[in-house]
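As structure tokens, the structure follows; a few thoughts come after it.
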Number of protein chains: 2
Amino acid sequence: MYDRAVSDPEAGLSAEQLGAYFALVEVGSLLQYAVDEHLRADGDLSYVQFQILARLTDAPDGRLRMTDLADGVVYSRSGLTYQAGLLVNRGLITRAPSPDDERSVIVTVTDAGRALVAHVLPGHVERVQQLLFAPLSGDDVTAFGAVLGRIREHMRAVPPRSAKPRAARRKAG
Amino acid sequence: MYDRAVSDPEAGLSAEQLGAYFALVEVGSLLQYAVDEHLRADGDLSYVQFQILARLTDAPDGRLRMTDLADGVVYSRSGLTYQAGLLVNRGLITRAPSPDDERSVIVTVTDAGRALVAHVLPGHVERVQQLLFAPLSGDDVTAFGAVLGRIREHMRAVPPRSAKPRAARRKAG
DNA sequence: TATTGTTATACTCTATAACTATA
DNA sequence: TATAGTTATAGAGTATAACAATA
């Protein structure tokens, strides 16, 4: 890769860090690509749509507020509204105002939505297995997962994305 | 995450694998997001554009063929043409037909392009350092990089993306 | 006044197919 | 006939801002 440009000693990344960074970017990109392709072909779903459905499938009663979904799926609010609209049109989820808080909208997976997740899941998992884990030993997975978990926690300590735009906007004008 | 839905024993991912997978997706996404944001703010560059410039900066004489760029940057040919067009408009690269093979186009970084990379690089590396490596020990980085490298090699053994569309199309019709 | 969500809109990016030109 | 690249075009996705409604 562009090692010479980036591993300038001044810049502050060792050759080893650099290699890990590039590998992470490439692996993440390739995995994303493969998984996306499968979900699209097998269920006509984008990865984001799959995430929404899967999260709902896991939630108690298959229900979550829009805000809760947005926090997990990384989206802007309008982006989530857009995606949710697509899923509603396909009968995979429903939206209804919350009884508790009339401002909120409760999203619920339909049976069709659950069925689609179930349909797509085996192939999804298979791809992950074959692409990501096939070349790794059990110990590798343990070590890899541990480090990633640590990084994730560290990153989470930093600002959340969906919160910033709205909150920051109001101050700036 | 959607553990219940995905960790179905039938499906074939252990809880540990699942955790690693989710962590990878989240870390990759967060890192991408942060880095993208910085490149955009500091240099008005998308990550892809930055990759193109950085790869050229590293190449001998700062020159590469379009095809070589496409292979590395994961793009469809038309997508690369589009991005290259943007960079040409900004004076960051130039395009010229290859003397060797008149079909080919040689892309070259301009001084302005090199300057922009140099301008953006410190901040870019800083983000990676702070977000990705800050919570890791030297040993962590070593282990992490080793596993990622193995995965990457494994993934590379699988089909390349930019090659498929064109090659597959001709057979299908 | 703050929060939840939608809508309108504009823009970026990507992919497909058709096309040109060279090998 | 195969390869390199461009163009036209259409579609998906995203972000911003303005908006309505509830707390």
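Numbers restart at 1 for each chain; the letters A, B, ... are given by sequence-line order, proteins then strands. Note that this is a predicted model, so its numbers are computed, not measured.
- Regarding B:Leu80, its CG atom lies at a distance of 13 Å from the C1' atom of C:dC13, rounded to whole Å.
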(message) Quick one, A:Leu30 with B:Ile151, criterion side chain to side chain contact (heavy atoms under 4.5 Å, CB included). Give me CA distance, side-chain angles, the key distance, then yes/no.
(response) CA-CA 10 Å; A:Leu30 289 171; B:Ile151 298 172; over 6 Å; no
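- OP1 or OP2 of C:dT4 has at least one side-chain nitrogen or oxygen of A:Arg77 nearer than 4.0 Å.
- Distance CG (A:Asp44) to P (D:dA12): 9 Å, rounded to an integer number of Å.
- Between A:Asp101 atom CG and D:dA20 atom P the separation is 20 Å, expressed in whole Å.
- A salt bridge links B:Arg150 to A:Asp140: at least one charged side-chain nitrogen sits closer than 4.0 Å to a carboxylate oxygen.
- Set against C:dT6, D:dG13, C:dT22, the side chain of A:Gln83 has D:dG13 as its closest nucleotide.
- In this structure, OH of A:Tyr33 is placed 18 Å from P of C:dC13, rounded to the nearest angstrom.
- One can place CG of A:Leu86 at 14 Å from P of D:dG11, the figure rounded to the nearest angstrom.
- Relative to the side chain of B:Ser78, the nucleotides C:dT7, C:dT16, C:dC13 differ in distance, and C:dT16 lies closest.
- Straight-line distance from the CG atom of B:Asn89 to the P atom of C:dT12: 12 Å, rounded to whole Å.
- Closest approach to the B:Ser76 side chain among C:dA15, D:dG13, D:dT3 is made by C:dA15 (side chain taken as heavy atoms from C-beta onward).
- Picking from C:dA23, D:dG5, D:dG13 the nucleotide with the shortest atom distance to the side chain of B:Val105 gives D:dG5.
- For D:dA20, the OP1/OP2 oxygens have no side-chain nitrogen or oxygen of A:Arg103 closer than 4.0 Å.
- Across all strands shown, A:Ser98 has no heavy atoms under 4.0 Å from either base or sugar-phosphate atoms.
- Atom CZ of B:Arg114 and atom OG1 of B:Thr108 lie 9.5 Å apart (nearest 0.5 Å).
- Distance from the side chain of A:Glu102 is smallest to D:dT22 among D:dG13, C:dT6, D:dT22.
- Distance CD (A:Glu37) to P (C:dA15): 10 Å, rounded to an integer number of Å.
- Atom CG in B:Leu87 sits about 10 Å away from atom P in C:dC13, given to the nearest Å.
- Which of C:dT3, D:dA12, D:dT6 sits closest to the side chain of A:Tyr82 comes down to D:dA12.
- Atoms OG and CG, from B:Ser46 and B:Asp36 in turn, are 7.0 Å apart once rounded to the nearest 0.5 Å.
- For B:Thr67, the side-chain atoms get nearest to D:dG5 when compared with the rest of D:dA23, D:dG5, D:dT16.
- Each of A:Pro99 and A:Ser46 was assigned the nucleotide of DNA chain D with the nearest heavy atom; the assignment lying further toward the 5' end belongs to A:Ser46.
- With values rounded to the nearest 0.5 angstrom, B:Arg65 atom CZ is found 7.0 Å from B:Ile106 atom CD1.
- Looking at B:Asp101 and B:Ser98, their side chains never bring a donor and an acceptor atom within 3.5 Å of each other.
- In the set C:dT6, D:dA12, D:dA4, C:dT6 carries the atom at the smallest distance from any side-chain atom of A:Met66.
- Candidate nucleotides C:dC13, C:dT4, D:dT7 were compared by shortest atom distance to the side chain of B:Arg40, and C:dC13 ranks first.
- The residue B:Ser104 sits close only to the backbone: its heavy atoms come under 4.0 Å of sugar-phosphate atoms, none of a base.
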